[in-house]
Amino acid sequence: DNYILLPIKKAQELGVKTGDVLKIETGKFSIELPAYVQPGQQVDTVGIALGYGRTKAGPVALPDDEDSENVKGKNAYPAASIREGNIQYFAENVKISKVGKTYPIAVTQIQGTVMARPIVKETTVANYATYIKAHNEERAVIKQHMVDLYPERPQTGHKWVMVIDLNLCTGCGACVVACNAENNIPVVGKREIMRGREMHWIRIDRYYSSSSDNLETPAENPQVVFQPMLCQHCNHAPCENVCPVLATVHSSEGLNQQAYNRCFGTRYCANNCPYKVRRFNWFDYANQDTPIVGLVDSERRFKYNPVHNLGALVLNPDVTVRARGVMEKCSFCVQRIQLGKLEAKKEGRPLKDNEDIQTACQQTCPAGAIMFGDFNDPNSVVHKYFHSERSYQVIEELKTYPSISYLVKVRNRNTNDEKIKIS
């Protein structure tokens, strides 16, 4: 659905909470949509996303079932106007009123967000210039106390790792869309999202940061940190230890792999994953096996709509289409890794991971925030950044030894060195 973005102060004035339906009137145009309250928005403004309410987009625009209005949306384009030949995407003298009802909004942002740990780290240019480990000092203390029960393995062959620069990530979500398209990830619909059953292999976690002591209500003008979160391909992966059928195993090249044919959906691995990046396939999405709401007969819980022949063309033939009842997650685009190896072998030359292999998220990131490559290659970009002074790993004290490293965000602002709180 689309919704009305409302700043915190305006919401407090109107006595509105997220999900309350508001009526927006401007001139001859009016629309009723649920409110979504957020900090950081300019006071005395409201925002409505365009691009919803299409009625002639074919089966894509149809609701999930006859009684549902989940995907219909509402058209906000009439609020725009044309002045001097240009479309003005704003309107003045807007009247806002409460309708007196609520409407559920499907939100994934807070479902996987981790709190009470230094998941994201940030500092200022002044602090960073003074001390290169600013706000990353505790990593040395954590590593001092990391005792490994397993013998150290020799670093031979490839070791695939990823580095994500929080300084460059803008939270645009292009990596999420690219991952969905590359890896045949289904769009599960609003109803399943509201049950916490999203299927994205990568998500963009948003954290507000401020010097306020109240983390429940961040400051009106907070700073925002975006953090792409995906399978960390831990070298001591908690998911691997609890799988009763060895469906999730570690490869010799550092990949946390998923054998779909072995998996029978115990979901122990998802329960044991501290990063909450593993997804359970509840339905046969590839064949549009979707639940019907309201049927009493337990044996008729699903309706089956075979995919049209043309619909199958959207699937990537290089990636397995997962069946109902299995776990799935990021594979570091292993199909692209194998393709790069084969191309190099065909041409009779060494593999150049910086040129031959790019994950879908890395290739699509417009800011270049995602770097991927062979850690064992001294000429690779990731070899340089993986153990830099800005580099840290999420929840490193759990000794999972992730293969993904993040670079501390450095803000160019003139403030005192205050303890930054994340919410």
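What you see below is based on every heavy atom in this structure, not just the backbone, and it leaves out hydrogens, waters and symmetry mates. Nothing fancy with the numbering, it's 1 onward along the sequence. Values in this document were obtained by computation on a predicted structure and should not be read as measured data.
Surrounding NZ of Lys399 are more than 12 heavy atoms belonging to other residues, nucleotides or ligands, all under 6.0 Å away. Other residues, nucleotides and ligands place more than 12 heavy atoms under 6.0 Å from the OH atom of Tyr401. The 12-atom threshold is exceeded at NZ of Lys341, counting heavy atoms of other residues, nucleotides or ligands nearer than 6.0 Å. The neighbour count for Tyr268 OH, taken as heavy atoms of other residues, nucleotides or ligands under 6.0 Å away, does not exceed 12.
Looking at Asp1 and Tyr103, their side chains do bring a donor and an acceptor atom within 3.5 Å of each other. Residues Asp377 and His383 bring no donor and acceptor atom of their side chains to less than 3.5 Å of each other. A donor and an acceptor atom, one from each side chain of Gln258 and Arg322, are nowhere located under 3.5 Å apart. There is a side-chain donor-acceptor pair under 3.5 Å between Gln335 and Glu182.
In this structure, Cys273 SG and Arg279 CZ are separated by 8.5 Å, a value rounded to the nearest 0.5 Å. To the nearest 0.5 Å, atom OG1 of residue Thr248 and atom NZ of residue Lys329 are 6.0 Å apart. Distance check: Tyr385 OH to Met371 CE gives 6.0 Å after rounding to the nearest 0.5 Å. Note that the CG atom of Leu246 and the CD atom of Glu240 stand 9.5 Å from one another [nearest 0.5 Å]. With rounding to the nearest 0.5 angstrom, the NE2 atom of His200 is 5.5 Å from the CG atom of Asn180. Note: Lys9 NZ to Asp44 CG = 8.0 Å, rounded to the nearest 0.5 Å.
Both tests hold for Arg267 against Phe280: distance to the six-membered ring centre under 6.0 Å, angle to the ring axis within 45°.
Trp160 has its side chain within reach of Asp374: a pair of non-hydrogen atoms, C-beta onward, lies under 4.5 Å apart. Counting heavy atoms from C-beta on, the side chains of Ile395 and Thr400 never come closer than 4.5 Å. Counting heavy atoms from C-beta on, the side chains of Trp201 and Cys361 never come closer than 4.5 Å.
Scanning both residues, Ala80 and Tyr89, for their nearest heavy atoms gives CB-CD2, 4.2 Å. The nearest pair of heavy atoms linking Asn316 to Ala181 is CB-O, 4.3 Å. Between Ile370 and Cys365, the shortest heavy-atom contact is N-SG, 4.3 Å. A pairwise comparison of heavy atoms in Ser388 and Leu407 identifies OG-CD2, 3.7 Å as the closest pair. Annotation for Cys330 and Leu230: closest pair SG-CD1, 3.6 Å, computed over non-hydrogen atoms. The two residues Ser403 and Phe386 have their closest heavy-atom pair at O-CE1, 3.6 Å.
For the pair Arg203 (side chain) and Met229 (backbone), a donor-acceptor distance under 3.5 Å is absent. Between the side chain of Arg139 and the main chain of Lys133, no donor-acceptor pair closer than 3.5 Å is present. Looking at Asn272, its side chain does come within 3.5 Å of a backbone N or O of Pro238 through a donor-acceptor pair. Checking side-chain atoms of Asn136 against main-chain N and O of Ser391 turns up a donor-acceptor pair under 3.5 Å. Looking only at distances, no side-chain donor or acceptor of Lys101 sits under 3.5 Å from a matching main-chain atom of Leu22. In this structure, Asn167 contributes its side chain and Val410 its backbone to a donor-acceptor pair below 3.5 Å. In this structure, Asp20 contributes its side chain and Ala35 its backbone to no donor-acceptor pair below 3.5 Å. Without hydrogens or angle criteria, Thr123 side chain to His135 main chain gives no donor-acceptor distance under 3.5 Å. The backbone N or O of Gln227 sits nowhere less than 3.5 Å from a side-chain atom of Asp205 that would complete a donor-acceptor pair.
The pair Glu122-Arg411 counts as a salt bridge, with a side-chain nitrogen and a carboxylate oxygen less than 4.0 angstrom apart. Using a cutoff of 4.0 Å between basic side-chain nitrogens and carboxylate oxygens, Arg349 and Asp356 are scored as salt-bridged.
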**Request:** In sequence, state the C-alpha distance, the side-chain angles, and the governing distance for Val249 and Cys243, and then conclude on side-chain contact (heavy atoms from CB on, under 4.5 Å).
**Result:** CA-CA 9 Å; Val249 294; Cys243 181; over 6 Å; no

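Here the rule is side chain to side chain donor-acceptor pair (under 3.5 Å) with Arg336, and of Gln363, Gln362, Gln358 only Gln363 fits it.
The aromatic ring centroids of His387 and Phe375 lie less than 6.0 Å from each other.
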